[in-house]
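Here the structure is laid out as structure tokens; the discussion comes afterwards.
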Amino acid sequence: MQMKLENLNEKQLEAVKTTEGPVLILAGAGSGKTRVITQRIAYLISRGVPAYNILAITFTNKAAGEMRERVYKLLGQEPPKRVKYFSRSAPNMGTFHSICAQILRKESKKLGYKTNFTIYDESDQKAAVKKAMENLELDTEQFLPKNIVYAISSAKSELMSPEDYSRYASSFFQEIVEKVYSEYERILFDQGAMDFDDLITKTLLLFKKSPETLQSYQSYFKYILVDEYQDTNKAQYELIKMLAQVHKNICAVGDNDQSIYGWRGADFRNLMKFESDFPKTKVIMLEENYRSTQNILEAANKVIRNNSLRKDKNLWTKGEKGDKLIYFQARDEKDEAEFVVRKIRELEKLNDDFSNFVILYRTNAQSRSLEETFLKYDLPYKIIGGVRFYERAEIKDIVAYLRTIYNPMDLVALERIINMPARGITEKTWRQIVPLWQEYLNDKNHLKKNIDRLKTISDKAKKSLARFIDLLALFQKSVEDQKLGELIDFVAKGSGYKDFLLSPKNEDKKLENEARWENIQELKSVAEEFHGMPTQDALAAFLEEVSLISDIDQYDNGTKAISLMTAHSAKGLEFKNVFIVGLEENLFPHSRSLLEPTEMEEERRLFYVAMTRAKKRLFLSSTKQRMYFGSTQRNLTSRFISEIPENLLDKEVAGALARLKQKTSGSGLNSKILQNQKSAIIDLCPGDQVIHKTFGEGVVIKMEGSVAEIAFSQFGIKKIAVDLAPIKKK
DNA sequence: GCGCTTTGATTTTTT
DNA sequence: ATCAAAGCGC
């Protein structure tokens, strides 16, 4: 097989060609990392390594898909179609979770799982935790299931079993977690379910329990590559160490400045530890940046240098200096959105079509004002993330039906659908049949008889239950002779869900329900992509994809629209023009990070990631006040702005002049134009930072006529007559 | 027992 | 401001 190694600098070429032994590639932002990884894989194949001996782990499924396409393009071949499990013809590419799910799909019997296991997402986990707490008679109000889910997940990613946890637990809350954790584990096992963390930890457990299994995968995955290594957690790290132990052909690629998933257990020190874990590691630094202009790069370098927990490196580019970064301070989030629109229109007129723009924000909630403004000016946009498709109630309902068909022990799914649409099975009834449900696997008729004998259930409910059991059996039977898409139709109709949505009794909800039905059709069309395999396999693969997919995976850069997404979602992407909005203290950096230096550094890395997405132009903005939770919040400008050298930044302050005109023409309510001693015009708004001769620094909270309420850092809140007081704007 | 209204929480980021 | 879970009347 032939391939050409194209456009590689010396370091990159070395990274591609060093195929044997441990390699650590420290790849700065925009250093051509993807090019290196794909060429490396293609190079291996071209040198005769069978594709299936290669395991490449990426951060998203989307990245894996793209990688696959690029590798085959380099090899001059068509990428293989959707492949079932580990195929002989293609390199294995996927996220940790999807790779592990595939291993477990084949091997879970060795761990004692009775049935096809189901993957629990966060809301399923919450339901299971709630159930565990009820079993233990713990108050779900005092200890929120959400927090316990988080604690359990952290424990799992640190490879702490319930027993380990009991040794570690010291606080009252942790003692509660300890109890819930073991009960939760029992519930999940009984229900044939695994949560996200289990996918990794159970694979590890499998390898520990069964050395032959480990051995077979070790010899299968002869060449291992892990992208975004700085975002691996302890469990993932152990897994990799185990798999690579024999051949030691392990290539880790990462950048500790881009570690932004510490909150979910990622530990960028794994990157630093690599060299000691794998002796004789070849370290290759990629520091030449091919993405951004000098100005953008320099600004980003200066910002990230404020972090103490890092290994210094020097990203550089041969590229042009480029425009200065632009910073705009807006009045509020509407004004901020208008600024974004204004800039996009200017640039769009020149040459850049809409796909060259991305707006990055810290929290999904910030997308709303942007969305409204884009609608107002009729600009095409797409929001990545936010309310996810697979989290919509109707989708979860239909998926819950499929899950129950696939694994009838999945009680979280069963509970969701047993009375949806309403069929007269109440909470009380449900509680009583749960202990009997196990019999479903052995003998459905026995289950029915036992239910029939229960005295505490009404005849109506009994009949309803019997009908439901028959319905489920009918669905299961149809897996044998229907395609997955047809099955979804059959389920929607047979369960009464379709009628429930489309029956005309809900006249005012008609449109909403029709949209829901459309979503189900959309789900069906996704399912149809799996028609190449037997329905039982298709069902498994489909459910797996549904539970592991993220929204960025669906991001399609083909359509010409402005992208809106969180800074987290933007990792790995690049755009000609990048806007980072909401650069305010409490928002970006987020309020929850203010007290913890390590978290503050993670915020800074996140900002660094956001900045380095930009190829040509970078726009930064903040607001003086914004609506948050229905009330007005006033924040200081983000510290990150002040970390950018002045000479790289063009400041566009929200037109004091424009406001001056507005306010003097009679409409000024919250603002006062005045003259201070130096007879400079100051225009004070809530959010402005001021300096008072006596009280020092402060922030304007409220304006009433010429009286300002100012919060001083040293002296608390004072009311000040602004036209008399010795005060000036900072 | 069902479906609607009210309440209460909720928002950092996601596999 | 918005959305999901709990309460209340039919």
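Residue numbers start from 1 in every chain, and the chains themselves are labelled A, B, ... in the order their sequence lines are given, proteins ahead of strands.
A/R362 has no side-chain polar atom (N or O) that falls below the 4.0 Å cut-off from OP1 or OP2 of B/dT12. Distances shorter than 4.0 Å separate none of the side-chain N or O atoms of A/N61 from OP1 or OP2 on B/dT15. Between B/dT15 and A/H97, no contact under 4.0 Å exists linking OP1 or OP2 to a side-chain N or O. At least one side-chain nitrogen or oxygen of A/S569 sits closer than 4.0 Å to the OP1 or OP2 atom of B/dT14. OP1 and OP2 of C/dA4 both lie 4.0 Å or more from every side-chain N or O belonging to A/K126. Phosphate contact (OP1/OP2 of B/dC2, side-chain N/O of A/N419, threshold under 4.0 Å): present. Contact between the side-chain N/O atoms of A/T566 and the OP1/OP2 oxygens of B/dT14 is found at a separation under 4.0 Å.
Taking the ring centroids of A/Y181 and A/Y184, they lie at or beyond the 6.0 Å cut-off. A centroid separation of 6.0 Å or more is found between the aromatic rings of A/Y120 and A/F196. Checked against a 6.0 Å centroid threshold, the rings of A/F189 and A/Y113 count as neighbours.
Atom pair A/M627:CE and C/dA1:P shows a separation of 5 Å (rounding to whole Å applied). For the pair A/Q633 CD and B/dT11 P, the interatomic distance rounds to 15 Å; values are reported in whole Å. One interatomic measurement links the two molecules: CD of A/E603 to P of B/dT12, which rounds to 11 Å at whole-angstrom precision. Across the protein-nucleic acid pair, A/N513 atom CG and B/dC4 atom C1' stand 14 Å apart, rounded to whole Å. Atom pair A/Y150:OH and B/dT10:P shows a separation of 16 Å (rounding to whole Å applied). Going from atom CZ of A/R392 over to atom C1' of C/dA4 covers 16 Å, rounded to whole Å. For A/F629 and B/dT12, the CZ to C1' distance is 10 Å, given to the nearest whole Å. If you measure from atom CD of A/E141 to atom P of B/dT10, you get 11 Å, rounded to the nearest angstrom.
Ranked by how close their nearest DNA chain B nucleotide is to the 5' end, A/A461 and A/L606 are led by A/A461. The residue among A/R592 and A/T426 whose nearest nucleotide of DNA chain B lies closer to the 5′ end is A/T426.
Distance noted for atom P between C/dA6 and B/dT11: 16 Å (whole Å).
Ion pairing of A/K33 with A/D255 is absent here, as no side-chain N (NZ or NE/NH1/NH2) approaches a carboxylate O to less than 4.0 Å.
Residue-level contact check: A/R423 touches the backbone only, with heavy atoms under 4.0 Å from sugar-phosphate atoms and none from bases. Within the 4.0 angstrom heavy-atom criterion, no nucleotide atom of any strand lies near A/E602. Using a 4.0 Å heavy-atom cutoff across all strands shown, A/Y628 reaches at least one base atom of the nucleic acid. Residue contacts shown for A/L144 are limited to sugar-phosphate atoms, with no base heavy atom under 4.0 Å away. Nucleic acid contact class of A/D197 (heavy atoms, under 4.0 Å, all strands): none.
For the pair A/H568 and B/dT13, the ring geometry does not qualify as stacking, because the centroid separation below 5.5 Å and plane angle under 30° are not jointly satisfied. Ring-to-base geometry does not place A/Y261 in a stacked arrangement with B/dT13 (centre distance under 5.5 Å, plane angle under 30° required).
The side chain of A/K130 lies closest to C/dA6, out of B/dT12, C/dA6, B/dT14. Closest to the A/K146 side chain, of the nucleotides B/dT10, B/dT15, C/dA1, is B/dT10.
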Assess whether salt bridge (Lys or Arg N to Asp or Glu O under 4.0 Å) is satisfied between A/E544 and A/R105, documenting all intermediate values. CA-CA 10 Å; A/E544 192 170 299; A/R105 204 48 88 192; 3.3 Å; yes

Test log, rule salt bridge (Lys or Arg N to Asp or Glu O under 4.0 Å), inputs A/E599 and A/R592: CA-CA 8 Å; A/E599 287 178 37; A/R592 298 217 180 172; over 6 Å; no

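For B/dT13, its base sits under 3.5 Å from the side chain of A/W263 at one donor and acceptor pair at least.
Annotation for A/L564 and A/F374: closest pair CD1-CE1, 3.5 Å, computed over non-hydrogen atoms.
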